[in-house]
S.K.: 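The structure under discussion is supplied below as structure tokens; questions concerning it will follow.
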Amino acid sequence: MAADGADVQQGVLGQVREAIRGQVRGLFGDKVEEKLVQAVGVELPRDEGFGDVSTNAAMVLAKPLAANPRVIGQQVMDGLLRDHANLFEKIELAGAGFVNMTLRLRELLRLALAVPLWGVAFGRLAVAARQKYLVEYVSINPTGPIHVGHGRNAVFGDVIARMLERVGHTVWREYLVNDAGGQIRVLVNSLHIRYRQLFGEEVMLPEGAYPGEYLIEIAKQLRARDGDKWLAVRDEAALFEGLRAFAVESCMALIKADVERMGITFDRYFSEFAMHQGSAMAEAVAALRAKDLVFEGTLPPPKGKEVANYVPVELTLFRATAFGLGEDQAVYNRAGQPTYFGQDIAYHMDKLQRGFDKLVTVVGIDQAGAFKPLAKAIEALCGRADAYHPVPYEMVKVLRNGEPVKLSKRAGNIMLLSEVLDEVGVDAFRFMMLTVKPTTALTFDLAKAVEKSMENPVFYVQYAHARLCAVFRQAGDLGIVQPADVVDEAALEAALAALEGQELSAAARAVVRQVMVYPAVLEQAAASLEPHRLANFASALAAAVHHWYGAEKWLDTADAKATAVRLQVARAAQVILADVLKVCGVLAPESM
RNA sequence: GUGCCCGUAGCUCAGCUGGAUCAGAGCAUCAGCCUUCUAAGCUGACGGUCGGUGGUUCAAGUCCACUCGGGCACGCCA
């Protein structure tokens, strides 16, 4: 096989796809655009009986060519048989025009052999397709420790970053530290009251203050550092000036500790406070004003809600209505302070100025209302509509003993991430967060996360990996000579020749098919920013492995060649399972 | 009043961005498999008019409109 870039990156599946696209170009290149050719894809047939790979080429092209899909399918099929007969055992036309391909066993074995050799090159995008991503995630306000719901954000962001890197993009991880707003004033005041309490003063936390006990700890640290220096201070501005940094850093330390426990770190903690020391906000507003997208105006009173004594005031507004959105958005509030929206614009402009192509932000779906105006502002600033990619995710519900745990920040009974990690462990938490697509609310059952059964997908997948490892250990015990991983393409051909004439059971073939499809899964997961596809794939591959394990005995000392073939497939599955788990940030244990 | 998300088997969820006479897993229920490499597993059976109506299409769980049900937002708050 010509080991050019595309082949290595995608394996047989990529080869087949390119072969089909080549046929399409040759047959209809003068009538269809390249964009349409790119829409031609390959997939695993729904029914295994249909073969290893099928293509939608005929369906995709039928309409633009105004031709019968079966005729198109026939032409593509004929071309494949003529030009790529070496790849296929059999090609059939089926249904409305599907081209079903059964690959030669040799090609599947070549893939199994190549997977350990290629390593992370398997599944990598072509260089031209790679981009610079900034992934912003977690970004919770530094006013206390992180809770379960935010844990989902952390895992999504981390796995999105990992999978983008896995396919070859450049990724920068960032946490926006919201250390400038009103909630920091509340934090400082709450801390100060806890601090005074430490000295025996009888002061109560006011309504709206942060009630968590962590602030008592932080107050003790403050006392240890500064003694009674702040005890008599009552001036809010002086307290804010003096304690802001300490309060924020102390809270950030709590957050970082929990997040790092899950193996998550950031390239930068971006301080909003620091941003406002500079001119970013003014520049962003000026840039939009130059395009007549920022202007001075007044907003109508809030809809759907009676506001007593509403006094309209002239504000600095972003002209969201120019983009068909319901209402213009204030960028500075009535006190002249930047609004959240205004800060977001400035922050995202800063990201753009740092040269990133793609701005991904993992953010709670409750903030979804802000996406559209921000997207328009970003588009106006950089001229690209495809720069901003919010990843909204739904909340987490926790079940303990089958009963929902009430999560209420106000009532103070928030469920902390650290508690959950203590209870179920990092691997189970991370994987469970990934089992469901981001926009589906996730019910996290504490009991199931520690269960050792199919109820618990993380065990199922890890067990599959451990099982594969166990087989290799057992093979060693039985004195079975295990084929060493090939070191180059020449060795691969030699190893392949040595396996000539062997068969693969249906169950083993199903495993190879899963391995084969991995690059496509990675590509789609990365392109759609949907990490749950990786978890689903991991479960599917694990299932294929378990089925195969149950279907036949792999180690047969009486038949070295057949055993060698099976071990090659097992090795490929092991490598891919370990890889996908790594991208998910979950350990691939060698034994359970 | 407006916007966003969800509605698929008794339960929890997938469904590769419009495709193949049976719409898939797991759990639950029922029936099997350890004198074979970890039974933390595997094999069967049962089970759904994909919330509803209409539309676009050769083709709709997937797209559009309307509608019903559930959730979350909707301030110059964060």
S.K.: What distance, rounded to whole Å, do you find between the two C1' atoms, one in B/rG61 and one in B/rG18?
M.R.: 11 Å
S.K.: Look at A/D52 together with A/R513 and state whether they make a salt bridge at an N to O cut-off of under 4.0 Å.
M.R.: yes
S.K.: When the P atoms of B/rG52 and B/rA23 are compared, how many Å lie between them, rounded to an integer?
M.R.: 15 Å
S.K.: Measure centre to centre between the rings of A/F537 and A/Y518, then say whether the value is under 6.0 Å.
M.R.: yes
S.K.: Can you tell me the pairing partner of B/rC16 across any strand shown, Watson-Crick or G-U wobble, with both distances under 3.5 angstrom?
M.R.: none
S.K.: For A/F537 and B/rC13, give me the distance from atom CZ to atom P, rounded to whole Å.
M.R.: 24 Å
S.K.: Report yes if at least one side-chain N or O of A/R467 is closer than 4.0 Å to OP1 or OP2 of B/rA39; otherwise report no.
M.R.: yes
S.K.: Students often get this wrong, so: under 4.0 angstrom with heavy atoms, is A/D366 touching a base, only sugar-phosphate, or nothing?
M.R.: sugar-phosphate
S.K.: For A/K372 and B/rG3, is the shortest distance between a side-chain N/O and OP1 or OP2 below 4.0 Å?
M.R.: no
S.K.: With a 4.0 Å cut-off on heavy atoms, is A/A94 in touch with a base, just the backbone sugar-phosphate, or nothing at all?
M.R.: base
S.K.: Counting side-chain heavy atoms from C-beta on, which of B/rA40, B/rA78, B/rC16 comes nearest to A/M592?
M.R.: B/rA40
S.K.: Taking B/rC50 as the reference, what is the distance to B/rU62 when you measure between their C1' atoms (whole Å, please)?
M.R.: 10 Å
S.K.: To the side chain of A/K437, which of B/rC4, B/rC6, B/rC76 is closest?
M.R.: B/rC6
S.K.: Expressed as a whole number of angstroms, how long is the span from A/I184:CD1 to B/rC77:C1'?
M.R.: 15 Å
S.K.: Applying a 3.5 Å limit to both distances, which nucleotide forms a Watson-Crick or G-U wobble pair with B/rG1?
M.R.: B/rC74
S.K.: Please work out which of the three classes, parallel, tilted or perpendicular, describes the rings of A/F444 and A/F429, given edges at 30° and 60°.
M.R.: perpendicular
S.K.: Mind telling me whether B/rU17 is syn or anti, cutoff 90° either side of 0?
M.R.: syn
S.K.: Would you mind reading off the distance between A/H547 atom NE2 and B/rC33 atom P, rounded to a whole angstrom?
M.R.: 19 Å
S.K.: Any strand is fair game: report the nucleotide pairing with B/rG26 by Watson-Crick or G-U wobble, both distances under 3.5 Å, or none.
M.R.: B/rC11
S.K.: Do A/N56 and A/E43 pass the side chain to side chain donor-acceptor pair (under 3.5 Å) test, and can you show the C-alpha distance, the side-chain angles, and the key distance before you say yes or no?
M.R.: CA-CA 8 Å; A/N56 60 354; A/E43 59 188 9; over 6 Å; no
S.K.: Which is it for B/rC50, anti or syn, if anything within 90° of zero counts as syn?
M.R.: anti
S.K.: Roughly, in whole Å, what's the span from NZ in A/K397 to C1' in B/rC5?
M.R.: 12 Å
S.K.: What nucleotide among B/rG7, B/rG41, B/rC76 has an atom nearest to a side-chain atom of A/Y463?
M.R.: B/rG41
S.K.: Which value, in whole Å, describes the distance between the C1' atoms of nucleotides B/rC6 and B/rA14?
M.R.: 15 Å
S.K.: Both distances below 3.5 Å, Watson-Crick or wobble geometry, any strand: find the nucleotide opposite B/rC63.
M.R.: B/rG55
S.K.: Nearest-nucleotide wise, let me know which of A/N141 and A/V517 is further upstream toward the 5' end of RNA chain B.
M.R.: A/V517
S.K.: So which nucleotide from B/rU36, B/rU17, B/rC76 ends up closest to the side chain of A/K553?
M.R.: B/rU36
S.K.: Provide the distance between the two P atoms, one in B/rC5 and one in B/rG51, to the nearest whole Å.
M.R.: 16 Å
S.K.: Ring-plane angle category for A/F323 and A/F318, please: parallel below 30°, perpendicular beyond 60°, tilted otherwise.
M.R.: parallel
S.K.: Under 6.0 Å between the ring centres of A/F156 and A/Y137?
M.R.: no
S.K.: If we take the C1' atom in both B/rC68 and B/rU53, what is their distance in whole Å?
M.R.: 10 Å
S.K.: With heavy atoms under 4.0 Å as the rule, sort A/I365 into base, sugar-phosphate or nothing.
M.R.: sugar-phosphate
S.K.: So does A/Q474 have more than 12 non-hydrogen atoms from other groups sitting under 6.0 Å from CD?
M.R.: yes
S.K.: Could you identify the nucleotide paired to B/rC42, looking across every strand shown and requiring Watson-Crick or G-U wobble geometry with both distances under 3.5 Å?
M.R.: B/rG32
S.K.: By nearest heavy atom, map A/N100 and A/A466 onto RNA chain B; which one lands nearer the 5' end?
M.R.: A/N100
S.K.: Which whole-number value in Å describes the distance from A/R70 CZ to B/rG19 P?
M.R.: 18 Å
S.K.: State which of B/rU38, B/rC76, B/rA14 makes the closest approach to the side chain of A/N333.
M.R.: B/rC76
S.K.: Using a heavy-atom cut-off of under 4.0 Å over every strand shown, decide if A/Q329 touches base, sugar-phosphate, or nothing.
M.R.: nothing
S.K.: Under 4.0 Å, heavy atoms only, any strand: does A/A441 hit a base, just the sugar-phosphate, or nothing?
M.R.: sugar-phosphate
S.K.: Return the nearest nucleotide to the side chain of A/A368; candidates are B/rG19, B/rC4, B/rA14.
M.R.: B/rC4
S.K.: Rounded to whole angstrom, note down the C1' distance from B/rG15 over to B/rG48.
M.R.: 14 Å
S.K.: Rounded to the Å, how far apart are A/Y393 OH and B/rC72 P?
M.R.: 15 Å
S.K.: Considering only B/rC4, B/rC13, B/rC5, which nucleotide approaches the side chain of A/T443 most closely?
M.R.: B/rC13
S.K.: Out of B/rC76, B/rG19, B/rC37, which has the shortest distance to the side chain of A/R334?
M.R.: B/rC76
S.K.: What do you reckon, are the aromatic ring centroids of A/H546 and A/Y460 less than 6.0 Å apart?
M.R.: yes
S.K.: If you check the A/M395 side chain, which of B/rC72, B/rA14, B/rG41 turns out closest?
M.R.: B/rC72
S.K.: Hey, what's the ring geometry for A/Y388 with A/F371, parallel, tilted or perpendicular (30° and 60° as the breaks)?
M.R.: perpendicular
S.K.: Round to a whole Å and report the spacing from CE of A/M101 to C1' of B/rA20.
M.R.: 13 Å
S.K.: A/Q462 near the nucleic acid: base, sugar-phosphate alone, or nothing, with a heavy-atom cut-off under 4.0 Å?
M.R.: nothing
S.K.: Report yes if a side-chain nitrogen or oxygen of A/Y549 is closer than 4.0 Å to either non-bridging phosphate oxygen (OP1 or OP2) of B/rC34; otherwise report no.
M.R.: no
S.K.: Can you figure out which of B/rA20, B/rA14, B/rA40 approaches the side chain of A/T440 most closely?
M.R.: B/rA14
S.K.: Please report the distance, rounded to the nearest Å, between CG in A/L187 and C1' in B/rA78.
M.R.: 14 Å
S.K.: We want to know whether A/S271 and A/D179 form a side-chain donor-acceptor pair, criterion being a heavy-atom distance below 3.5 angstrom.
M.R.: yes
S.K.: Using the six-membered base ring of B/rA20, report whether A/F50 stacks on it, requiring centroids under 5.5 Å and planes under 30° apart.
M.R.: yes
S.K.: Give me the distance, rounded to whole Å, that separates B/rA65 from B/rC4 when you measure between the P atoms they each carry.
M.R.: 10 Å
S.K.: It should be established whether A/H532 places a side-chain nitrogen or oxygen under 4.0 Å from OP1 or OP2 of nucleotide B/rC13.
M.R.: no
S.K.: Determine whether any donor atom in the side chain of A/S539 lies under 3.5 Å from an acceptor atom in the base of B/rA25, or the reverse, and answer yes or no.
M.R.: no
